[in-house]
Amino acid sequence: MSTRLSRAAQRVGCTNVTTKTPAPRIRFHRPLRTLALCTWLAAGAVARAADPGIEVIDAWARATPPGVETGAAYCRIVNSGAADRLIGARSSAARTVELHTTTDSRGVAEMARATEIPIGATATVTLAPGGTHMMLVGIAAPLVAGTPIEITLVFANAGEIDVAVPVIDSRAAPPPPEHEHHAH
Ligand SMILES: [Cu+2]
């Protein structure tokens, strides 16, 4: 079921980009492949202890004008492990945080609420204007540029990840990615 993109939602820019890490070109025979995977996972464990493999980076949201009750937040979800699913989100800044996808229906952007966002194994999923995003519904107060909000992302396997989300000026361009390549 999809809803026509409201003017407010258009303003915050509801949009969708999904990037998948290209498949590795080198094929190992099974024992080697297992060894390589173990080394990789061990390296990841050094970076963040007890990390199940999901990292949330480059989060941002746009400031909202007074009287507007919805906002949108974006980020990149970097998965260095097995497939997972983003199954929800919440924030003290909004009554509810919905997961939305956006599709182009004959030139009209339409948002649909998603129950979950699949996160492929060793894939990066980008939540961005025009694509998949987190919709902040019933925001308690306007989102103000320079005042970050907290969003908790809930994954089926990785559990809950708290993210500090910077709020940028409503007219500013989306911030460039901080991490072009994710260090393993
Ligand atoms: Cu939306």
Side-chain angles (χ1 to χ4, degrees), residues 1-20 54-79 83-120 123-156 158-179:
M1 202 159 145
S2 65
T3 43
R4 183 65 66 100
L5 197 61
S6 70
R7 196 170 297 174
Q10 281 176 334
R11 192 202 295 266
V12 293
C14 293
T15 0
N16 207 10
V17 187
T18 303
T19 338
K20 280 193 177 157
I54 296 275
E55 231 188 320
V56 180
I57 61 171
D58 296 334
W60 64 284
R62 227 185 262 287
T64 57
V68 173
E69 291 189 344
T70 55
Y74 315 99
C75 64
R76 292 209 291 162
I77 299 164
V78 180
N79 185 9
D84 204 341
R85 285 144 39 226
L86 176 61
I87 55 172
R90 64 172 189 273
S91 172
S92 57
R95 193 174 62 243
T96 52
V97 180
E98 299 179 356
L99 306 176
H100 282 189
T101 58
T102 310
T103 50
D104 192 318
S105 174
R106 292 185 203 143
V108 179
E110 289 188 348
M111 293 196 303
R113 190 172 178 179
T115 51
E116 60 180 45
I117 307 293
I119 312 293
T124 296
V125 174
T126 302
L127 276 57
T132 304
H133 55 276
M134 291 177 282
M135 200 86 204
L136 305 163
V137 180
I139 50 178
L143 306 185
V144 177
T147 305
I149 57 171
E150 286 265 344
I151 298 182
T152 301
L153 279 71
V154 185
F155 295 89
E160 301 189 348
I161 297 180
D162 295 328
V163 183
V165 180
V167 176
I168 66 166
D169 189 276
S170 59
R171 287 153 300 181
E178 280 174 33
H179 307 68

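Both counts, for ligands and for their atoms, begin at 1 and track the order of listing. Keep in mind that this is a model prediction, so the values were computed, not measured.
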Non-hydrogen atoms of His100 and Arg113 that approach each other most closely: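 Closest approach of His100 to Arg113: CD2-CA, 3.8 Å.
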To check your reading of the site, what angle at the Cu ion (ligand 1) do SD of Met111 and NE2 of His133 form, to 10°?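 Computed angle, vertex at the Cu ion (ligand 1), rounded to 10 degrees: 100°.
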Is the closest side-chain heavy-atom distance between [X] and [Y] below 4.5 Å?
| X | Y | result |
| --- | --- | --- |
| Thr147 | Val167 | no |
| Ile77 | Ile161 | no |
| Leu136 | Ile151 | yes |

Among the N, O or S atoms of His100, which one sits nearest to the Cu ion (ligand 1)?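 In His100, the heteroatom (N, O or S) nearest the Cu ion (ligand 1) is ND1.
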Taking 2.8 Å as the cut-off, does an N/O/S atom of Thr70 lie below it from the Cu ion (ligand 1)?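 No - counting backbone and side chain alike, Thr70 has no N, O or S atom under 2.8 Å.
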